[in-house]
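The structure appears right after this line, and notes come after that.
Sequence positions, counted from 1, serve as the residue numbers for this chain. Remember, it's 1-based here, ligands and their atoms both numbered in the order they're listed.
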Amino acid sequence: MAEQKDVLILAIESSCDETAASVVRNGREVLSNIISSQIDLHTLYGGVVPEIASRKHMEQVNQVTEEALKTAGVTINDITAIAVTYGPGLVGALLVGVSFAKSLAFAAGKPLVGVHHIEGHISANYIENLDLEPPFTCLVVSGGHTNLVLVEDYGAYKIIGRTRDDAAGEAFDKVARAVGLGYPGGPKIDKLAKEGNKNAIDFPRAKVEGSPYDFSFSGIKSAVLNYINHCEMKNIEINRADLVASFQNAVVDALVSRAVMAAKEHGLKKLALAGGVAANSALKAALEEECARNGIKFYHPSPIFCTDNAAMIGVAGYYEYMAGVRSGWDLNAVPNLKLGD
Ligand code: KG4
Ligand code: ZN
């Protein structure tokens with residue numbers, strides 16, 4: 001039998017505020033994972049400024065890609081195919097990665113594979129969990145998305161729950177700003193909440209009538225803002241640690257209850273967590289506990305593979321490539337790309 005050749009995917013990600021490139025071998029082995037974060041730059045403005053993000057991606061994409069190849073110990077000639085995030089995300093930011101990947105693939109004579117950013121987040125779970133294979137339930141929680149997804153097969157996704165308003169990460173970022181913690185709020189709330197009492201304040205857990213798997217976080221966010229206003233008006237000193245711990249607890253409760261219910265009701269014994277908010281320690285601990293109680297195996301990526309990175313795009317790109325997916329030279333950035341499109 002002929003020896004099977006390794007499939008090496010060079011992946012590029014530039015959908016938001018991280019310029020990233022990675023080389024992934026045979027879908028599961030990350031040979032390099034280079035991330036150039038713009039967080040410091042955007043912190044000055046309290047959030048991501050799209051125009052600045054695009055310009056910074058332009059400055060970084062070439063050297064980040066070179067570094068990814070160098071760290072992996074390969075050259076562009078060794079690469080089997082080039083994968084790139086083409087949506088969803090900021091259009092100008094996405095366009096930098098897409099144009100770069102198209103030019104490189106064309107010049108080097110390599111196939112091009114467009115990858116959905118959320119498919120990337122979900123696929124991050126495959127990197128460190130070699131036993132994980134579909135079908136499973138995945139809770140995707142990022143700065144722009146909150147989805148409950150049935151991963152029926154590689155590349156086959158069914159969204160059964162979504163947020164009706166803010167994404168979970170967005171709620172973290174807005175509440176952090178309101179209590180003066182700055183951007184990005186998720187990691188800062190995660191840290192401060194460890195010093196607080198999560199049962200100090202009872203914030204609402206909104207249910208969406210008729211849609212048991214859907215989420216709504218604007219009510220919790222407004223309740224936090226009202227609480228802060230109320231305390232300021234009455235000159236009551238706010239215990240920030242208790243406040244953020246209670247907020248986080250309300251969000252975690254809403255996420256965990258629906259995710260575990262989805263896994264149980266669909267008879268799936270595996271539940272994975274994905275997206276930037278998957279780095280949250282309280283969320284991971286609560287899911288771990290609830291899953292164990294219900295005989296469900298819980299999977300999550302390491303924090304470095306939770307927030308935006310290109311390794312996850314390389315993994316998703318590998319499975320798409322193996323399924324025969326090829327993008328044309330007309331591949332475009334699609335800012336509101338839906339999963340399954
Ligand atoms: O997936 P990601 O890097 O970018 C998007 O695709 O949106 O997610 C970024 C989001 C931000 O809202 C950030 O505050 C949140 O993930 N995040 C966290 C934590 N680390 C990052 N939220 C809660 N706890 C964390 N430890
Ligand atoms: Zn993301």
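The ligand atoms of ligand 1 that sit less than 4.0 angstrom from a heavy atom of His117 are 6 (O). Proximity to Gly143 (heavy-atom distance under 4.0 Å) selects the following atoms of ligand 1: 5 (C), 7 (O), 8 (O), 9 (C), 10 (C), 12 (O). Residue contact check: Gly144 has heavy atoms under 4.0 Å from atoms 7 (O) of ligand 1.
Contact analysis leaves Lys191 out of contact with ligand 1, as no non-hydrogen atom separation drops below 4.0 angstrom.
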Run the side-chain donor-acceptor check on residues 231-238: report pairs under 3.5 Å with partners two or more places apart or on a different chain.
none

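Summarising the local packing, NZ of Lys198 is surrounded by 12 or fewer heavy atoms from other residues, nucleotides or ligands at distances under 6.0 Å. Heavy-atom contacts from other residues, nucleotides or ligands closer than 6.0 Å to CE of Met58 number 12 or fewer. Taking a 6.0 Å sphere around NZ of Lys191, one finds it holds 12 or fewer heavy atoms contributed by other residues, nucleotides or ligands. More than 12 heavy atoms of other shown residues, nucleotides or ligands fall within 6.0 angstrom of atom NZ in Lys110. Residue Arg240 places its CZ atom among more than 12 non-hydrogen atoms of other residues, nucleotides or ligands, all under 6.0 Å distant. Within 6.0 Å of NZ in Lys188 there are more than 12 heavy atoms belonging to other residues, nucleotides or ligands.
When the options Pro187, Gly169, Ser281 are ranked by their closest heavy atom to atom 19 (C) of ligand 1, first place goes to Pro187. Closest heavy-atom approach to atom 13 (C) of ligand 1 among the candidates Val141, Asp173, Asn309: Asp173.
Side-chain rings of Phe172 and Phe247 approach one another, their centers coming within less than 6.0 Å.
Excluding waters, the set of protein N/O/S atoms under 2.8 Å from the Zn ion (ligand 2) reads His117 NE2, His121 NE2, Asp308 OD1.
Counting only N and O atoms by type, the side chains of Lys102 and Ser327 include no donor and acceptor under 3.5 Å apart.
Of the protein's non-hydrogen atoms, Asp190 OD2, 2.9 Å is the one closest to atom 26 (N) of ligand 1. In terms of protein heavy-atom proximity, atom 2 (P) of ligand 1 is nearest to Asp308 OD1, 3.4 Å. Ranking protein heavy atoms by distance to atom 24 (N) of ligand 1, first place goes to Asn280 ND2, 3.0 Å. Scanning all protein heavy atoms for the shortest distance to atom 22 (N) of ligand 1 gives Gly186 CA, 3.2 Å. Here the protein heavy atom with the shortest distance to atom 21 (C) of ligand 1 is Gly276 O, 3.4 Å.
Looking at Pro184 next to ligand 1, no N or O pair under 3.5 Å apart turns up. Below 3.5 Å of separation, one finds no N or O of Gly275 facing any N or O of ligand 1. Between His121 and ligand 1, at least one N/O pair is under 3.5 Å apart. For ligand 1, the polar-atom distance check finds no N/O of Glu18 at less than 3.5 Å from any of the ligand's N/O atoms.
Using cut-offs of 30° and 60° on the angle between ring planes, the pair His266 and Tyr213 is tilted.
In terms of hydrophobic clustering, with Ile, Leu, Val, Met, Phe, Trp and Tyr side chains grouped at heavy-atom distances under 4.5 Å, Ile159 and Leu148 are assigned to different clusters.
Between the side chain of Asp78 and the backbone N or O of Thr75, at least one donor-acceptor pair lies under 3.5 Å. No donor-acceptor pair closer than 3.5 Å links the side chain of Glu29 to the backbone N or O of Leu31.
Under a 4.0 Å N-O distance rule, the pair Asp202/Arg205 qualifies as a salt bridge.
Both the backbone and the side chain of Thr307 come within 4.0 Å of ligand 1, judged by heavy-atom distances.
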